[in-house]
Engineer: 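Below is a structure I'd like to ask you about.
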Amino acid sequence: MKNTLLGGLTPQQFLRDYWQKKPLLIRQAVPGFTGLLNPQQLIDLACTEDAQARLVTQKRGKFDLQHSPFEPSDFKDFGKVDWSVLVQGVNHFLPEATELIKRFNFIPHARLDDLMVSYAPKGGGVGPHFDIYDVFLLQGHGHRRWQISTQADQTLIEGAPLRILKNFKVEQEWVLEPGDMLYLPPQCAHNGIAEDDCMTYSIGFRTPWHQELAEQFLVYLQDRVEIKGTYADPDLKLQKHPSEIGADMLKQVAATIRKVQWDDEDVANFLGCYLSEPKSHIYFDAPEKPLSAAKFALAVQKNGVALDLKAQMQCYGSTVFINGEAYPLNKTDYRVLRELADSRALLASDAHSPAVYALLHEWYLDGYLTPISKRR
Ligand code: SIN
Ligand code: CO
């Protein structure tokens, strides 16, 4: 079957020729797609307590930015001001959004950030900028003019509340219709302007800073490092200046610190915990009247189980990671739970081991997953 999502390219061809390399416009990537929400539903979502949303207004080229929480009255009358509302993590609220993201399963989940949805009436947008993300910009309702540039000049307008490029030089532009999609690699300058009432679905892929990875790895390591013994100086020599750190002390401590070591297994464990850690504003709701372990197992056997929309899983070796916690398993159980991580669900089956049922029940009590209800 022709892969419309990538304009007829196979995922391998896309990864080889475009991913992280150059933009790709795909007309009718998702034929018939007109979006998952209407503008009012997106505004309602922007006003919910746990949504992360931004409101960008623009008057005579001057941008303004507000962050959630929002009230419905924040969206009343903008008069002649161009504006746009952008909501992050829409996949945490809408099952259809998680389904949409599954189309991008040819990119590892470890790289996925979220689905952001924007709405702008004619003229609205967030101005020319570049992101450090890979992004697929899928057009929902309405039309958006996308202008792009591979320019090296990344100078930003000083003092602007958003990162707006000072010297944006358009190299290519297109008007996207519902179902069209534009892939942009990181650092590719772009500007999207609503041609009419316009909604854009941005499937974003994170590219962590090296600095962030290194700092977070050290945080991870501090809980795991184990070096025995205490400082000792039976050969201490009299120092002329008691305030000075002596050469022998420095040598001994340097040798101690060199004992802090790690291997690829530690790095993999860190990555699994770090990448599956939910963002700080995310909370899980435990079931109000939880099923007992036995009833839960019966429900899973009968109907299967689905991950909560906010839950994040990674796998490595024979360890699964869920929402920042590592669970080392035997190979058979690992394969079962990797399937849950891959497809965010397990089909009805009574073939799981007691250990798998126990873990699933623990995660169910944490609000990370639920048995699939028969009506779905
Ligand atoms: C938008 O949807 O208006 C902005 C998306 C982007 O430029 O990253
Ligand atoms: Co952008």
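Worth saying up front: this structure is predicted, and the values here are computed from it rather than measured. In this chain, residues are counted from 1 in sequence order. No hydrogens, no waters, no symmetry mates; every other heavy atom, side chains included, goes into these values. Ligands are counted one by one from 1 in listed order, and the atoms in each one are counted from 1 as well.
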Engineer: Atoms of ligand 1 less than 4.0 Å from His190 heavy atoms?
Structural biologist: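 Contacts of ligand 1 toward His190, numbered from 1: 6 (C), 7 (O), 8 (O).
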Engineer: Do the ring centers of Tyr220 and Tyr274 come within less than 6.0 Å of each other?
Structural biologist: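 No; Tyr274 has its ring centre 6.0 Å or more from that of Tyr220.
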Engineer: My understanding is that we take every heavy atom of each candidate and find the minimum distance to atom 4 (C) of ligand 1. Doing that for Thr200, Leu86, Leu182, Leu137, which one comes out nearest?
Structural biologist: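 The residue whose heavy atom sits nearest atom 4 (C) of ligand 1 is Leu86.
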Engineer: Which atom names give the shortest non-hydrogen contact between Glu171 and Gln151, and what distance separates them?
Structural biologist: OE2-N, 3.8 Å
Engineer: Answer with yes or no whether Phe130 contacts ligand 1, where contact means a heavy atom under 4.0 Å from a ligand atom.
Structural biologist: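 No; Phe130 lies far enough from ligand 1 that no heavy-atom distance drops under 4.0 Å.
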Engineer: In ligand 1, which numbered atoms sit nearer than 4.0 Å to a non-hydrogen atom of Met116?
Structural biologist: 5 (C)
Engineer: If you measure every N or O of Ser84 against every N or O of ligand 1, does any of those distances drop under 3.5 Å?
Structural biologist: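 Ser84 vs ligand 1: no N/O contact under 3.5 Å.
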Engineer: Between Asp113 and Lys279, is the closest basic N to carboxylate O distance under 4.0 Å?
Structural biologist: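 Counted as a salt bridge, because a side-chain N and a carboxylate O are separated by less than 4.0 Å.
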Engineer: Which bit of Trp146 gets closer than 4.0 Å to ligand 1, counting heavy atoms only: side chain, backbone, both or neither?
Structural biologist: side chain
Engineer: Looking from the Co ion (ligand 2), what is the angle between NE2 on His190 and NE2 on His129, to the nearest 10°?
Structural biologist: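 Between NE2 of His190 and NE2 of His129, the angle at the Co ion (ligand 2) is about 90°.
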Engineer: If we ignore angles and hydrogens, is there a donor and acceptor under 3.5 Å between the side chains of Tyr368 and Glu325?
Structural biologist: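 Side-chain D/A pair, Tyr368 to Glu325: absent.
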Engineer: Are Trp262 and Phe270 close enough that their ring centres sit under 6.0 Å apart?
Structural biologist: no
Engineer: Of all N/O/S atoms in Asp131, which lies nearest to the Co ion (ligand 2)?
Structural biologist: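 Sorting the N, O and S atoms of Asp131 by distance to the Co ion (ligand 2) puts OD2 first.
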Engineer: Under 4.0 Å, heavy-atom basis, I'd like to know which part of Asp131 is in contact with ligand 1: side chain, backbone, both or neither.
Structural biologist: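 The answer is the side chain.
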Engineer: More than 12 heavy atoms of other residues, nucleotides or ligands under 6.0 Å from NZ of Lys59: yes or no?
Structural biologist: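 Counting other residues, nucleotides and ligands, NZ of Lys59 stays at 12 neighbours or fewer.
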Engineer: Flag the pair Arg54 / Val126 as yes when at least one side-chain heavy-atom distance between them is below 4.5 Å, and no otherwise.
Structural biologist: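 The answer is no; the side chains never approach within 4.5 Å.
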Engineer: By number and element, which atoms of ligand 1 are closer than 4.0 Å to a non-hydrogen atom of Ser118?
Structural biologist: 1 (C), 2 (O), 3 (O)
Engineer: Is it true that Asp248 and Lys237 make a salt bridge, defined as a side-chain N closer than 4.0 Å to a carboxylate O?
Structural biologist: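 Salt bridge between Asp248 and Lys237, a charged N being under 4.0 Å from a carboxylate O: no.
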Engineer: Quick test of your reading of the structure: of Gln139, His129, Arg54, Arg144, whose heavy atom lies closest to atom 6 (C) of ligand 1?
Structural biologist: His129
